[in-house]
Protein chains: 4
Amino acid sequence: MAIIVNKEEKRRAIAQSCSELLLENGIDNLTIAQIAQSAGIGKGTVYEYFENKEDIVFEIITLFMIEFERRALEQIQSAASAKEKLQLFLGLMFEDEFDRRHLGLYQEYLAISLVQGTPQMVEFSLLCREKFAHILGDILELGIAKGEICEASRGLISALMLFGRGVVVDSKVTGIEAKAEIAQFLDTLFELIKIGEVK
Amino acid sequence: MAIIVNKEEKRRAIAQSCSELLLENGIDNLTIAQIAQSAGIGKGTVYEYFENKEDIVFEIITLFMIEFERRALEQIQSAASAKEKLQLFLGLMFEDEFDRRHLGLYQEYLAISLVQGTPQMVEFSLLCREKFAHILGDILELGIAKGEICEASRGLISALMLFGRGVVVDSKVTGIEAKAEIAQFLDTLFELIKIGEVK
Amino acid sequence: MAIIVNKEEKRRAIAQSCSELLLENGIDNLTIAQIAQSAGIGKGTVYEYFENKEDIVFEIITLFMIEFERRALEQIQSAASAKEKLQLFLGLMFEDEFDRRHLGLYQEYLAISLVQGTPQMVEFSLLCREKFAHILGDILELGIAKGEICEASRGLISALMLFGRGVVVDSKVTGIEAKAEIAQFLDTLFELIKIGEVK
Amino acid sequence: MAIIVNKEEKRRAIAQSCSELLLENGIDNLTIAQIAQSAGIGKGTVYEYFENKEDIVFEIITLFMIEFERRALEQIQSAASAKEKLQLFLGLMFEDEFDRRHLGLYQEYLAISLVQGTPQMVEFSLLCREKFAHILGDILELGIAKGEICEASRGLISALMLFGRGVVVDSKVTGIEAKAEIAQFLDTLFELIKIGEVK
DNA sequence: TATGAATGAGCATTCATTCAT
DNA sequence: AATGAATGAATGCTCATTCAT
């Protein structure tokens with residue numbers, strides 16, 4: 001009698017089993033052979049659950065993204081002002097060693113997107129964009145509602161995300177100090193968007 | 001006596017001769033054999049003038065960067081207001097087919113920086129950063145001097161560059177409409193930094 | 001279930017299939033492409049069974065060494081006196097065309113050991129040394145037991161091997177006549193070590 | 001008015017100027033460019049004085065050989081008995097750091113001889129052989145004359161040289177302890193060839 | 001006599017993916 | 001459902017030597 005396996009469940013199990021490997025070795029140095037071994041299955045079996053290597057990496061990165069979103073929402077709640085929330089959100093990837101490894105993986109993923117960019121990857125990136133836009137939107141709306149920042153701030157969602165993307169890239173490419181850049185930007189920005197002053 | 005060649009000159013000549021190749025094929029698909037052929041020299045000769053393939057790509061990208069800087073300064077002069085200048089500067093890479101190919105190369109270069117990032121590459125990126133910071137600084141200072149924008153705008157240089165980087169990346173990664181994003185950001189931003197209104 | 005292959009067996013089969021190639025072309029001129037072709041497999045498959053090219057050469061040389069040892073023991077048995085045995089053993093590599101090709105390969109291997117000498121190669125050479133020391137030891141012991149040679153001869157094992165190595169090298173380097181040198185040495189030596197005379 | 005240069009003199013000057021380089025880098029890693037630079041001349045000029053790279057290496061090795069011979073003779077004189085002289089002669093290459101570097105070079109040279117062996121190299125090796133045979137011959141003759149060793153020892157010249165060659169090779173190939181091997185061999189040998197005992 | 005610019009052949013190795021069993 | 005054996009494309013780099021000046 002064959003064991004009935006929930007495909008979706010096994011997918012995640014395989015992905016989980018080698019997520020550490022991915023963080024350690026990076027995408028390029030992760031081989032299908034390693035994946036199969038760490039999951040305790042044959043190489044061919046991997047392809048029963050995933051289309052290709054990219055598919056596996058996707059699964060893992062998606063898991064990380066969900067976790068990241070969860071942490072982001074959690075952290076943001078603990079902050080009082082809109083500025084603090086933004087600071088936390090934009091800076092979340094640069095916190096500690098744990099994040100540094102995830103950041104590295106994310107940068108590697110971005111690099112692949114930059115040169116190979118399959119429709120699937122674009123779709124995934126757009127999905128992330130939406131989620132984060134939503135989070136940023138909530139932060140700003142709340143800030144406006146609480147009278148912390150002006151109505152015009154509403155138009156900054158996309159810019160804040162693009163700024164964030166720039167920080168992620170440049171923290172590697174030019175070695176800028178991410179958290180300092182974020183702080184400085186928010187200081188300047190809040191000088192402009194906070195309520196109650198005349199320029 | 002032997003023939004004396006101006007090494008620096010020939011370097012540039014070789015780089016020039018295969019820059020088209022680089023734009024067409026991308027970095028990864030550019031082979032030393034192609035470079036040598038397009039320059040009409042032997043493969044070994046290439047290595048008389050360049051350390052390695054990376055070195056060649058660098059030379060070409062540097063040439064493009066210089067050209068880009070020149071065009072940026074030229075375009076900016078033709079604009080009247082600070083907002084227009086910023087729009088031109090940030091949008092310069094997304095103008096037409098000509099730029100699209102250069103943009104692609106730049107994105108590929110960024111991708112490499114994101115995963116391999118040699119000290120030399122970081123140094124180059126920092127150099128670019130400085131140059132562009134200078135240009136942005138001039139634009140903002142002039143805008144402040146002319147009373148177009150508030151003093152606080154001065155603190156936006158780094159943020160504008162990171163935003164620009166984000167647009168370069170996301171125009172590929174998520175397929176956002178670069179020029180529209182830039183326009184929208186500047187509209188919102190100028191709503192905040194222009195002089196003469198109460199929030 | 002997938003096909004299970006006896007790895008060790010296939011290793012030897014691949015090695016065997018290109019040993020002729022190795023004898024003909026030498027180590028440096030043996031390419032992986034040739035190996036794959038002669039074994040009727042793909043280049044990649046070669047690497048399923050061998051770490052690298054060196055590993056393949058090792059396998060083949062080891063096979064030759066085993067065969068050499070077998071022949072040596074066989075030949076020695078057919079000889080009556082210790083002197084004859086030594087002569088056969090030391091001269092075995094210089095017999096005929098068959099041996100000349102193997103000798104050439106061995107010399108090439110020695111050359112590599114002399115400049116690159118990986119631990120693995122040293123280990124292999126020590127293994128050979130042990131085996132041959134054992135054979136020489138047996139010959140001498142029997143000679144002593146039979147009263148052909150004096151007790152002190154026992155101390156000559158290592159020297160005989162080093163002499164043999166010297167002959168292998170010099171037969172190529174200075175073109176000395178190997179068999180004549182061996183004969184002359186043994187004549188002199190036996191003059192000294194044979195029993196029953198006063199110097 | 002052209003400067004008259006003694007070709008032979010300049011040859012030696014060039015060779016001398018890069019002999020240190022040769023000891024440090026080995027034959028394979030010594031480039032013509034380095035040679036030219038260290039001699040303060042152009043690459044092309046090197047070929048005015050030498051046929052090819054091999055020719056240069058030859059010149060240097062010849063210089064070393066002459067020096068080695070000088071040292072050998074000097075050392076030997078300081079020894080009293082034939083056994084001591086042989087020990088000094090055979091062990092001379094394994095004395096100290098100075099010798100270790102020369103030994104390495106010599107081994108590399110042997111390796112080349114083993115696979116490429118040009119007539120010129122064979123000739124050189126034969127020349128060395130003759131010289132050293134002469135030295136060994138003198139040692140043995142003197143020993144015989146002084147009644148230290150028996151007449152038959154005269155036949156050991158070639159064997160001693162081949163043994164020596166074997167030690168040079170195996171000190172690298174199998175990592176044997178050269179000086180110990182030499183001592184052990186000579187102990188055993190002198191047990192056999194010394195005068196005044198009955199086996 | 002001196003130079004130095006130009007040359008170009010040659011090859012190991014990796015690993016995602018397939019598919020016969 | 002699971003497997004794992006087989007595959008093969010694709011490329012940077014070195015350096016001794018030559019010969020035009």
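Below, read A as the first sequence line, B as the second, and so on, with proteins coming before strands; counting in each chain starts at 1. The basis for the numbers below is simple: all heavy atoms, side chains too, and nothing from hydrogens, waters or symmetry mates.
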S.K.: Side-chain polar contacts of residues 55-63 of chain B - donor-acceptor pairs under 3.5 angstrom, sequence neighbours left out - could you list them?
M.R.:
from    : atom 1 : to      : atom 2 : distance (Å)
B:Asp55 : OD2    : B:Arg11 : NH1    : 3.4
B:Asp55 : OD2    : B:Glu51 : N      : 2.9
B:Glu59 : OE1    : B:Arg11 : NE     : 3.1
B:Glu59 : OE1    : B:Arg11 : NH2    : 2.7
B:Thr62 : OG1    : B:Phe58 : O      : 2.7

S.K.: Figure out the CD1/P separation between A:Ile27 and E:dA16, and round it to whole Å.
M.R.: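 The distance from CD1 of A:Ile27 to P of E:dA16 comes to 12 Å, rounded to the nearest Å.
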S.K.: Find which nucleotide of DNA chain F each of C:Gly42 and B:Glu54 is nearest to by heavy atoms, and output the residue with the more 5' nucleotide.
M.R.: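 Its nearest nucleotide being more 5', the pick is C:Gly42.
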S.K.: Between atom CD1 in C:Ile35 and atom P in F:dT7, what is the gap in whole Å?
M.R.: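 From C:Ile35 CD1 to F:dT7 P: 15 Å.
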S.K.: Report the distance from atom CD1 of C:Ile41 to atom P of F:dG8, rounded to the nearest whole Å.
M.R.: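 It works out to 11 Å between those atoms.
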S.K.: With a 4.0 Å limit, can you tell me whether C:Tyr49 has a side-chain N or O closer than that to the phosphate oxygens OP1/OP2 of F:dA6?
M.R.: yes
S.K.: Over how many whole Å does the gap from D:Ile56 atom CD1 to F:dC15 atom P extend?
M.R.: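 D:Ile56 atom CD1 is separated from F:dC15 atom P by 15 Å.
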S.K.: Looking at the side chain of C:Glu48, which of F:dA6, F:dT17, E:dA12 is the nearest nucleotide?
M.R.: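 So the nucleotide nearest the side chain must be F:dA6.
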S.K.: If the condition is side chain to side chain donor-acceptor pair (under 3.5 Å), which residues does B:Glu48 pass it with, not counting sequence neighbours?
M.R.: none
S.K.: Counting heavy atoms from C-beta on, name the nucleotide in F:dT7, E:dA2, E:dT14 closest to the side chain of C:Thr45.
M.R.: F:dT7
S.K.: Nearest whole Å is fine: how far is F:dA6 P from C:Asn6 CG?
M.R.: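 Spelled out: CG on C:Asn6 to P on F:dA6 is 12 Å.
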S.K.: If you take all heavy atoms of C:Lys7 and C:Tyr49, which pair is closest and at what distance?
M.R.: O-CD2, 3.8 Å
S.K.: Donor-acceptor pairs are to be reported for all side-chain atoms of residues 108-119 of chain C against protein atoms at under 3.5 Å, with residues two or more places apart or in another chain.
M.R.:
from     : atom 1 : to       : atom 2 : distance (Å)
C:Glu108 : OE1    : C:Ile27  : N      : 2.9
C:Glu108 : OE2    : C:Ile27  : N      : 2.9
C:Glu108 : OE2    : C:Asp28  : N      : 3.2
C:Tyr109 : OH     : C:Met121 : O      : 3.4
C:Ser113 : OG     : C:Tyr109 : O      : 3.4
C:Thr118 : OG1    : C:Met121 : N      : 3.2

S.K.: May I ask you to list the residues of residues 111-121 of chain C, by number, that have any heavy atom positioned under 4.0 Å from an atom of DNA chain E?
M.R.: none
S.K.: Roughly how far, to the nearest 0.5 Å, is OH of B:Tyr106 from CE of B:Met65?
M.R.: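 B:Met65 CE to B:Tyr106 OH: 9.5 Å, rounded to 0.5 Å.
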S.K.: Rounded to whole angstrom units, what separation is found between the OH atom of D:Tyr47 and the C1' atom of E:dT7?
M.R.: 13 Å
S.K.: Could you pull out all residues at least two apart from B:Thr174 that satisfy side chain to side chain contact (heavy atoms under 4.5 Å, CB included)?
M.R.: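 Partners of B:Thr174 by the side chain to side chain contact (heavy atoms under 4.5 Å, CB included) criterion, ordered by chain and then number, come out as A:Ser125, A:Leu126, A:Arg129, A:Arg165, B:Asp170, B:Ile176.
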S.K.: List for me each residue that meets side chain to side chain donor-acceptor pair (under 3.5 Å) alongside D:Glu67, sequence neighbours excluded, and say none if there are none.
M.R.: D:Arg70
S.K.: Going by atom type alone, with no hydrogens or angles, which donor-acceptor pairs under 3.5 Å involve a side-chain atom of residues 12-21 of chain A and a protein atom two or more places apart or on another chain?
M.R.:
from    : atom 1 : to       : atom 2 : distance (Å)
A:Ser17 : OG     : A:Ile14  : O      : 2.8
A:Ser17 : OG     : A:Ser38  : OG     : 3.3
A:Ser19 : OG     : A:Gln16  : O      : 3.0
A:Glu20 : OE1    : A:Arg101 : NH2    : 3.3
A:Glu20 : OE2    : A:Arg101 : NH1    : 2.9
A:Glu20 : OE2    : A:Arg101 : NH2    : 3.1

S.K.: How many Å lie between CZ on B:Phe50 and C1' on E:dA6, as a whole number?
M.R.: 15 Å
S.K.: Sequence neighbours left out, what passes side chain to side chain donor-acceptor pair (under 3.5 Å) with A:Glu123? Give chain and number order.
M.R.: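 Side chain to side chain donor-acceptor pair (under 3.5 Å) list for A:Glu123, sorted by chain: empty.
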S.K.: For B:Phe64, what residues pass the ring pair (Phe, Tyr, Trp, His ring centres under 6.0 Å) criterion, not counting sequence neighbours?
M.R.: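 Expected list: B:His102.
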S.K.: Are A:Asn25 and A:Gln34 side-chain neighbours, meaning at least one heavy-atom pair lies under 4.5 Å?
M.R.: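 They are in contact (side-chain heavy atoms under 4.5 Å apart), so the answer is yes.
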S.K.: For A:Glu54, enumerate each residue passing the salt bridge (charged side-chain N to carboxylate O under 4.0 Å, His left out) test, keeping only those at least two apart in sequence or located in another chain.
M.R.: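 Testing A:Glu54 for salt bridge (charged side-chain N to carboxylate O under 4.0 Å, His left out), a comparison that skips the adjacent residues, returns none.
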S.K.: Write down the distance between CG (D:Asp55) and C1' (F:dT17), rounded to a whole number of angstrom.
M.R.: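 Distance, rounded to whole Å: 14 Å.
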S.K.: Can you tabulate the close N/O pairs, meaning under 3.5 Å, that link protein atoms to atoms of nucleotides 9-11 of chain F?
M.R.:
from   : atom 1 : to      : atom 2 : distance (Å)
F:dA10 : N6     : C:Lys43 : NZ     : 2.7

S.K.: Which ranges of DNA chain F pair up as stems, where a stem means three or more consecutive Watson-Crick or G-U pairs with both distances under 3.5 Å?
M.R.: E:2-21 with F:2-21
